[in-house]
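First the structure, in the form of structure tokens, and then the observations on it.
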Amino acid sequence: MTGTSAHDGADGRRFGHGPELVDETVGGAPRKAWPEKQKGPVLLRRDQVEKSTTDQRLLDTTGPTDWLHTDPWRVLRITSEFVEGFGALAELPAAVSVFGSARTPVDSAEYKAGMAIGRALVEAGYAVITGGGPGAMEAANRGASEAGGLSVGLGIELPFEQGLNEYVDLGLNFRYFFVRKTMFVKYAQGFVVLPGGLGTLDELFEALTLVQTKKVTRFPVILFGTAYWSGLVDWLRDTLVAQGKASPADLELFHLTDEVDEVLKILAENRRPGGTEV
């Protein structure tokens, strides 16, 4: 074969830049050539060699579209979600994330509590961030919006939810949970957790884990609704801590209350001048 240059291998065989040995025989016996292709930093040989180039697939509008769903392309979409999120939220004022069930009925006490919390947070100078959905999330957004504050909704692509609620003033929709969770943590000075289901528990325990492991600066995590959360707290104390699976100090990573005023007091105690967290 031909090539722009060639080099000697350790065994004296001579290679070029292409798929074959420069010498057509090895030890006097004919050698079967294999296809070889360099794709950026990746070396492909034999059956791994593609029939077209990356540029060809990019510019060929009539070609297959499977590449849109491959992992490298997903990395770019993930990056774009981070960029859009950081760009939209970077200039938020001090904010608090409020979590809770999407299934909370509008006429329930929990919905009213969510509205009261959203309103009180705005009156205390905070923006309110929620998952942007219905139920408890809508309640907090509604309270914030009706109080004249900034109401933020960070939605997620799910098969069974209805998109952002009408009380969101600044909304983003995400494909990826982990990007959305980053935004909840990065731009919040505290979490208020209303009664909720698996999604709420996921957000709660992720926040507690980040604080426990010092992956984030410590900030308050407030469980609102003692009747709802007391069973979980009892289990944490009587099972996790009692069996040595967690430290007694871990029970101090969160607060439990039924009072909106106490929510504001806890947040104020953990807030420094300028809005930075303790």
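Note that these values count all heavy atoms, side chains included, but never hydrogens, waters or copies made by symmetry. One is the number of the first residue; the rest follow in order along the sequence.
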Checklist entry - Can Val211 and Phe219 be said to form a side chain to side chain contact (heavy atoms under 4.5 Å, CB included), step by step? => result CA-CA 7 Å; Val211 176; Phe219 54 84; 4.3 Å; yes
Item to check | Within residues 197-209 or reaching into it, pairs that qualify as side-chain hydrogen bond (donor to acceptor under 3.5 Å, both in side chains) - sequence neighbours excluded | outcome: Lys181-Asp202, Lys181-Glu206
Run the ring-ring contact (aromatic ring centres under 6.0 Å, His included) test against [X] and tell me which residues pass, sequence neighbours left out.
{"X": "Phe184", "answer": "Phe99"}
{"X": "Phe82", "answer": "Phe86"}
{"X": "Phe205", "answer": "none"}

Listed by chain and number, what are the side-chain contact (heavy atoms from CB on, under 4.5 Å) partners of [X], not counting sequence neighbours?
{"X": "Gln212", "result": "Asp250, Leu253"}
{"X": "Glu262", "result": "Thr257, Glu259, Ile266"}
{"X": "Arg74", "result": "His69, Asp71, Arg77, Tyr176"}

Please check if the side chain of [X] supplies one atom and the backbone of [Y] the other of a donor-acceptor pair under 3.5 Å.
{"X": "Thr104", "Y": "Ser101", "value": "yes"}
{"X": "Tyr126", "Y": "Ala188", "value": "no"}
{"X": "Glu110", "Y": "Ala136", "value": "no"}
{"X": "Trp235", "Y": "Ser230", "value": "no"}
{"X": "Asn165", "Y": "Gly132", "value": "yes"}

Can you name the side-chain hydrogen bond (donor to acceptor under 3.5 Å, both in side chains) partners of [X], sequence neighbours left out?
{"X": "Glu146", "answer": "Arg142"}
{"X": "Asp258", "answer": "Thr226"}
{"X": "Ser151", "answer": "Asn141"}
{"X": "Glu166", "answer": "none"}

Give the minimum heavy-atom separation between [X] and [Y], together with the two atoms involved.
{"X": "Thr130", "Y": "Ala140", "result": "CG2-CB, 3.9 Å"}
{"X": "Val122", "Y": "Gly148", "result": "CG1-C, 4.3 Å"}
{"X": "Met137", "Y": "Ala102", "result": "CE-CB, 3.7 Å"}
{"X": "Leu150", "Y": "Pro93", "result": "CD2-CD, 4.0 Å"}
{"X": "Leu264", "Y": "Ala124", "result": "CD2-CB, 4.0 Å"}

Checklist entry - Can you list the steps and then say if Asp169 with Val152 is a side chain to side chain contact (heavy atoms under 4.5 Å, CB included)? => result CA-CA 6 Å; Asp169 301 317; Val152 181; over 6 Å; no
When you compare the side chain of [Y] with that of [X], does any pair of heavy atoms fall below 4.5 Å?
{"X": "Phe178", "Y": "Ile78", "result": "yes"}
{"X": "Leu89", "Y": "Leu170", "result": "yes"}
{"X": "Val233", "Y": "Leu223", "result": "yes"}
{"X": "Tyr187", "Y": "Leu154", "result": "no"}
{"X": "Val192", "Y": "Val221", "result": "no"}
{"X": "Phe224", "Y": "Val193", "result": "no"}

Inter-residue atom distance [X].[atom1] - [Y].[atom2], 0.5 Å rounding:
{"X": "Glu252", "Y": "Ser247", "atom1": "CD", "atom2": "OG", "result": "8.0 Å"}
{"X": "Glu81", "Y": "Asn173", "atom1": "CD", "atom2": "CG", "result": "9.0 Å"}
{"X": "Met115", "Y": "Ser145", "atom1": "CE", "atom2": "OG", "result": "10.0 Å"}
{"X": "Leu172", "Y": "Ile156", "atom1": "CG", "atom2": "CD1", "result": "11.5 Å"}

Item to check | Pair Phe191-Val185, side chain to side chain contact (heavy atoms under 4.5 Å, CB included): steps then yes or no | outcome: CA-CA 9 Å; Phe191 290 168; Val185 174; 3.8 Å; yes
Are [Y] and [X] connected into the same hydrophobic cluster when the rule is that any two of I, L, V, M, F, W, Y join if their side-chain heavy atoms are below 4.5 Å apart?
{"X": "Ile129", "Y": "Met183", "answer": "yes"}
{"X": "Leu267", "Y": "Leu256", "answer": "no"}
{"X": "Ile222", "Y": "Leu194", "answer": "yes"}
{"X": "Phe254", "Y": "Val96", "answer": "no"}
{"X": "Leu121", "Y": "Leu92", "answer": "no"}

Next on the checklist: Per the salt bridge (charged side-chain N to carboxylate O under 4.0 Å, His left out) rule, what does the pair list look like for residues 221-243, sequence neighbours excluded?
Outcome noted: Asp234-Arg237
Next on the checklist: If you count heavy atoms of other groups shown closer than 6.0 angstrom to CG of Leu76, is the number above 12?
Outcome noted: yes
